[in-house]
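Atoms within each ligand, like the ligands themselves, are counted from 1 in listed order.
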Amino acid sequence: MRLYTHPACLEHRPGPGNPESPARLEAVVEAISARWPDQRWEHPRAATRAELMRVHRADLVALILDSRFDDADDTLHIDAETVLSAGSAEAALHAAGAGIHAVDAVLGGQVRRVFCAVRPPGHHATASEAMGFCLFNNLAVAAAHAIDMHGLTRVAIIDFDVHHGNGTEAIFASDARVLYLSTHQSPLFPGTGAASDVGIGNVINRPMAPHTGSGAFRGLWSGDLLPALNAFRPQILLLSAGFDGHRRDPMADLQLDADDFGWLTGELGAIADRHASGRIVSMLEGGYDLNALRESAIAHVEALLRS
Ligand SMILES: [Zn+2]
């Protein structure tokens with residue numbers, strides 16, 4: 001098990017009042033460090049433009065990387081909640097780079113599991129648009145790297161963030177080498193992720209009504225999502241690890257507990273062990289109540305370590 005983070009990820013400053021704050025990442029890193037003081041954090045390299053452009057258009061890459069700012073607190077609003085600051089380019093490069101580095105580590109046989117505590121998050125970013133706090137789609141960049149550089153043909157993306165990963169789905173909806181599985185609250189931002197959206201048979205969306213809770217969440221995963229994942233025989237599992245489904249999260253009403261994230265992670269670990277030599281790369285997505293985020297990240301990492 002390895003832990004990745006990077007100090008550059010703290011320098012993306014979308015401004016006071018924006019829920020996607022540097023304090024989120026500090027909370028996750030501090031909580032995991034306190035729980036496992038012997039686990040060392042590594043600082044992975046930045047992604048290159050060519051790596052980003054496996055999934056993103058050149059004009060989006062230029063917008064994120066080439067915008068200029070007079071001082072550290074200047075901002076450029078892409079939309080109401082998606083904001084660039086002077087440190088955003090380096091943060092986004094290192095968030096995406098962490099996933100690439102982690103894919104290389106697990107496919108190189110150096111380690112079975114990697115958790116990347118990075119920000120900004122990624123799963124709403126499409127090929128051409130940054131949105132929903134997300135600049136580059138970190139996990140999609142990692143998946144494309146696994147396919148292009150390691151020749152994988154069965155890459156599973158498991159997205160348990162409370163929001164639908166519209167960007168990830170759109171990027172891979174016609175790519176049979178990727179299976180995309182998502183549970184998410186509906187209705188909720190970004191409004192996508194209907195059960196009828198199945199890509200080319202490689203997308204499974206399970207929208208959940210507000211206040212659904214633990215039992216139904218586990219039931220959906222046990223019912224057909226985990227069996228579908230098992231049948232896919234993934235060579236690697238990439239996790240969009242959002243913890244905003246927690247009952248104390250201010251952004252949604254899914255009523256999950258930290259234990260639910262631990263449970264699902266354990267189930268995914270068993271499938272990774274069966275088909276993928278244990279290979280899991282997990283990347284932080286959402287989670288906006290700091291205490292809920294701490295508890296959930298600990299439950300998640302505990303299950304990655306144990307399973
Ligand atoms: Zn989310």
Enquirer: Need the atom name: nearest N/O/S atom of D161 to the Zn ion (ligand 1).
Expert: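 Of all N, O or S atoms belonging to D161, OD1 is the one nearest the Zn ion (ligand 1).
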Enquirer: Checking N230 against H275: is there a side-chain donor and acceptor pair closer than 3.5 Å?
Expert: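 Yes.
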Enquirer: So, does R45 use its side chain to make a donor-acceptor pair with the main chain of I100 at under 3.5 Å?
Expert: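 Pair absent, no side-chain N/O of R45 close to backbone of I100.
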Enquirer: How is the N/O/S atom of H163 that comes nearest to the Zn ion (ligand 1) named?
Expert: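 Of the nitrogen, oxygen and sulfur atoms in H163, the Zn ion (ligand 1) lies nearest to ND1.
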Enquirer: Among the N, O or S atoms of D244, which one sits nearest to the Zn ion (ligand 1)?
Expert: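 Of all N, O or S atoms belonging to D244, OD2 is the one nearest the Zn ion (ligand 1).
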Enquirer: Between R24 and E20, is there a side-chain N and carboxylate O pair less than 4.0 Å apart?
Expert: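 Yes, this pair counts.
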Enquirer: Using salt bridge (Lys or Arg N to Asp or Glu O under 4.0 Å), reason through R13 and E11 one step at a time and then give a plain yes or no.
Expert: CA-CA 6 Å; R13 297 181 195 169; E11 299 304 318; 2.5 Å; yes
Enquirer: Strictly under 2.8 Å, is the Zn ion (ligand 1) approached by any N, O or S atom of H123?
Expert: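 Checking the Zn ion (ligand 1) against H123, no N, O or S atom falls under 2.8 Å.
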